[in-house]
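Got a structure here, written out as structure tokens. Questions coming.
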Amino acid sequence: MESKANYRNIKEVYKIESTLGKGSFATVKKAKHRETGVRYAVKVISKSKISDEEKLAVQMEIDILKQMDHPNIVKLMDVFEDERHWCLVMELMLGGELFDEILLKEHFSEKEARECCRQIIDAIGYCHSQEIVHRDIKPENLLLVSKELGISAVKIGDFGLARLIGEDSFASTTCGTPGYVAPEVLMQKPYGNACDNWSIGVVAFILLSGTPPFYEEDNFALFEQIKACKYDFHVETWKDVSAEAKEFIKKVLVADPNKRLTCN
């Protein structure tokens, strides 16, 4: 166990300001670096509210974030730890979540969707080259740099479910968010990084049409729909979408992970 002498006090380096968001065991605060005046987001994780298994997951998230260096991945700047908390100092994203932007605009031009997806694919391709699978790509975990730039400047956040998997190793835990999860994950088979590409396809589908490809109130029915890969382009908004964009969706939302487009 780390000795108390090694603990650093975040308040000596940063002035903690307003609360940006709250989860079940983490709070995100805005903080200002006392010397430079630069503002950051600080994810404060309470150790008392999580199990030993979740503590290992936090440690895994920190280890993964430390090795990430990509313009479209939210950067971890520093980590402070004491007996009660972890404080992860992250790049501050002022544009909020892609999720809120989708609710606001309903759907986007093909050019906007393309630019947004290009950045996500670039970042996930980088993760895969580092043998990291994200496992939770969804609009809530895609953050916008600023309100002004909108979806033209997006970064991936929240690596809480990310895992290291090599070329010959696989993950097996069923996790992710229902509407975005790949068929192979639901089938409880060992799976690889292609599950991220499926989720990118779901995000692209929503950006282009304003509707999700798979939707059922009941999770069991939803999962059956995903496993059967049942979606269509019948919604009115698809009539203005190019054949190339539809072709892209068809090559990503493929039930067999081996036939799915890779990020490359």
Side-chain angles (χ1 to χ4, degrees), residues 14 17-31 38-46 50 54 57-80 85-104 115-130 132-164 175-181 193 195-200 202-204 206-207 263:
Y14 296 89
E17 298 177 334
S18 55
T19 299
L20 296 170
K22 253 187 161 82
S24 47
F25 58 83
T27 305
V28 181
K29 304 251 185 200
K30 193 194 272 186
V38 177
R39 284 185 165 80
Y40 297 94
V42 178
K43 186 176 179 180
V44 183
I45 301 164
S46 169
I50 59 176
E54 286 166 327
V58 171
Q59 202 55 65
M60 168 83 85
E61 181 180 6
I62 291 168
D63 293 344
I64 285 173
L65 283 170
K66 277 181 177 170
Q67 59 172 300
M68 294 278 101
D69 185 17
H70 188 278
N72 298 108
I73 292 173
V74 177
K75 199 159 180 55
L76 175 68
M77 315 304 290
D78 204 349
V79 179
F80 292 81
H85 301 99
W86 278 287
C87 296
L88 279 57
V89 182
M90 314 284 296
E91 205 179 344
L92 179 62
M93 304 292 285
L94 294 167
E97 299 172 359
L98 176 61
F99 182 77
D100 296 321
E101 200 71 3
I102 289 169
L103 291 180
L104 208 66
E115 186 52 26
C116 182
C117 289
R118 186 190 60 74
Q119 295 172 75
I120 300 164
I121 292 164
D122 208 34
I124 287 298
Y126 166 80
C127 291
H128 294 174
S129 74
Q130 304 290 307
I132 286 161
V133 56
H134 186 281
R135 303 202 299 182
D136 202 16
I137 294 294
K138 58 180 178 179
E140 292 89 329
N141 289 339
L142 301 167
L143 306 174
L144 309 179
V145 173
S146 70
K147 292 278 185 212
E148 296 72 39
L149 291 169
I151 76 164
S152 69
V154 65
K155 299 195 185 200
I156 298 175
D158 201 334
F159 278 72
L161 291 178
R163 286 293 171 274
L164 284 156
C175 67
T177 301
Y180 300 88
V181 74
N193 58 25
C195 66
D196 286 340
N197 303 356
W198 172 278
S199 304
I200 293 170
V202 176
V203 171
I206 292 169
L207 290 174
C263 288

- Task: Could you check if a side-chain atom of D196 sits within less than 4.5 angstrom of a side-chain atom of C127, using non-hydrogen atoms only?
- Result: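 D196 does not reach C127 side chain to side chain.
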
- Query: Has the side chain of Q119 got a donor or acceptor atom that lies under 3.5 Å from a matching backbone atom of V154?
  - Reply: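 Judged by distance alone, yes, a pair lies under 3.5 Å.
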
- Item | Which atom of L144 lies closest to which atom of G150, heavy atoms considered |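 Residues L144 and G150, closest heavy atoms: CD2-O, 3.7 Å.
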
- Task: Of all the heavy-atom pairs spanning V203 and P139, show the shortest one and how long it is.
- Result: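 The answer is CG2-CD, 4.1 Å.
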
- Message: Quick one: does any side-chain atom of S199 pair with a main-chain N or O of Y180 as donor and acceptor, under 3.5 Å?
- Response: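 Answer holds: yes.
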
- Query: Is there a donor-acceptor pair under 3.5 Å between the side chain of H134 and the backbone N or O of D158?
  - Reply: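 Yes, H134 side chain to D158 backbone: donor-acceptor pair under 3.5 Å.
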
- Just one of K66, Q67, M68 clears the side chain to side chain contact (heavy atoms under 4.5 Å, CB included) bar with L76, so which one?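 Among K66, Q67, M68, the one that satisfies the side chain to side chain contact (heavy atoms under 4.5 Å, CB included) with L76 is K66.
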
- Minimum heavy-atom distance A26-I45, with the two atoms named: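 Closest approach of A26 to I45: CB-CG1, 4.1 Å.
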
- I73 side, atom CD1; L143 side, atom CG - distance, nearest 0.5 Å: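 Atom-to-atom, I73:CD1 and L143:CG are 12.0 Å apart.
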
- Query: Atom CD1 of I137 and atom CG of N197: how far apart are they, to the nearest 0.5 Å?
  - Reply: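 So the CD1 of I137 and the CG of N197 are separated by 9.5 Å.
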
- Query: What heavy-atom pair brings R163 and A57 nearest, and what distance separates the two atoms?
  - Reply: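 Closest pair (atom of R163, atom of A57, distance): NH2-CB, 4.2 Å.
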
- Task: Supply the atom-to-atom distance I200 CD1 to C116 SG, rounded to the nearest 0.5 angstrom.
- Result: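 Between I200 CD1 and C116 SG, I get 10.5 Å after rounding to 0.5 Å.
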
- Work out which heavy atom in C263 is nearest to a heavy atom in I121; give both atom names and the distance.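 Between these two residues, the closest heavy atoms are O-CG2, 3.6 Å.
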
- Working to the nearest 0.5 Å, report the span between CD of E140 and CG of L98.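 E140 atom CD to L98 atom CG measures 9.0 Å (nearest 0.5 Å).
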
- Do the rings of Y40 and Y14 sit parallel, tilted or perpendicular, given the 30° and 60° boundaries?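 The rings of Y40 and Y14 stand perpendicular, inter-plane angle above 60°.
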
- Query: Which heavy-atom pair separates I156 from L142 by the least distance, and what is that distance?
  - Reply: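 Closest pair (atom of I156, atom of L142, distance): CG1-CD2, 3.7 Å.
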
- Item | Check: D122 side chain, N72 main-chain N or O, donor-acceptor pair, under 3.5 Å |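 No, the answer is negative, given that no donor and acceptor are paired below the 3.5 Å cut-off.
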
- Roughly how far, to the nearest 0.5 Å, is the CD atom of Q130 from the NE2 atom of H70?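 Answer for the NE2-CD pair, H70 versus Q130, is 10.0 Å.
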
- To the nearest 0.5 Å, how far apart are CD in E97 and NZ in K138?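 So the gap between those two atoms works out to 8.5 Å.
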
- Step by step, would you call V79 with L65 a side-chain contact (heavy atoms from CB on, under 4.5 Å)? CA-CA 10 Å; V79 179; L65 283 170; over 6 Å; no

- Item | K155 side chain vs P71 backbone, donor-acceptor pair below 3.5 Å |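 Answer holds: yes.
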
- Task: Kindly indicate whether the side chain of Y126, heavy atoms from C-beta on, has any atom under 4.5 Å from the side chain of S129.
- Result: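 Yes, their side chains come closer than 4.5 Å.
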
